[in-house]
Amino acid sequence: MKGLGELERSIMDILWAEDGALTAREVGRLIADRDLAPTTVMTVLDRLTRKGFLHRTRDGRAWRYQPAESRDAYIAELMLEALGMTGDRSAALTRFAQAVSGPEAEILRRALTELEEE
């Protein structure tokens, strides 16, 4: 899984927060804390598309961008990638399970039970 740079992450946060696809101009307007050139926004959107984070569709002369996957799917992939870096997956999973809160542990229990029932 390819990582995200700071600006890429900011743009993905904007797109994950939206219900529909946005143009580069719309994304640029929503990046309130930065004064970015429109070409910079377009370049980052193109890069995110090539990396597989975004899908784009034509809308007249502009492109509309939307996430290829949800934020949750991205985070889950990062977690799996981190797990793959360890030499002992069992130890890492055990350590993770010990670190989560009671409600989070219950969510994991339910998810595992549902998987077993499938």
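Atom set for the values below is all heavy atoms of this structure, side chains included, hydrogens, waters and symmetry mates excluded. Start at 1 with the first residue, then count along the sequence.
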Problem - D35 atom CG, over 12 foreign heavy atoms within 6.0 Å - result: no

Handout entry: V44 reachable from L30 in the ILVMFWY side-chain graph, under 4.5 Å edges
Key = yes

Exercise for the section: Treat each ILVMFWY residue as a node, draw an edge where side-chain heavy atoms are under 4.5 Å apart, and state whether I107 and I75 are in one component. Expected result: no

Would you compute the distance between atom [atom1] of [X] and atom [atom2] of [Y] and round it to the nearest 0.5 angstrom?
X: D59; Y: R64; atom1: CG; atom2: CZ; result: 4.5 Å
X: L15; Y: E26; atom1: CG; atom2: CD; result: 10.0 Å
X: L45; Y: Y65; atom1: CG; atom2: OH; result: 5.0 Å
X: L80; Y: R89; atom1: CG; atom2: CZ; result: 7.0 Å
X: E69; Y: Y74; atom1: CD; atom2: OH; result: 12.0 Å

Show the atom names and distances, to 0.1 Å, of all donor-acceptor pairs under 3.5 Å that link a side chain in residues 108-118 to residues at least two apart or in another chain.
unit_1	atom_1	unit_2	atom_2	d
R109	NH1	E106	OE1	3.0
T113	OG1	R109	O	2.9

Could you check whether any side-chain heavy atom of [X] comes within less than 4.5 Å of a side-chain heavy atom of [Y], counting everything from C-beta outward?
X: T40; Y: L7; answer: yes
X: F96; Y: V100; answer: yes
X: R56; Y: D46; answer: yes
X: M12; Y: L4; answer: yes

Fill in the blank from the handout: For L83, the hydrophobic cluster (side chain heavy atoms closer than 4.5 Å, chained through members) also holds L93

Handout entry: Contact list for residues 4-21, test side-chain hydrogen bond (donor to acceptor under 3.5 Å, both in side chains), sequence neighbours left out
Key = E6-R34, E8-R47, E8-K51, D13-R71

Mind listing the closest non-hydrogen atom pair of [X] and [Y] along with its distance?
X: A24; Y: M42; value: CB-CG, 3.5 Å
X: A68; Y: G52; value: CB-O, 3.3 Å
X: Q66; Y: A21; value: OE1-CB, 3.5 Å

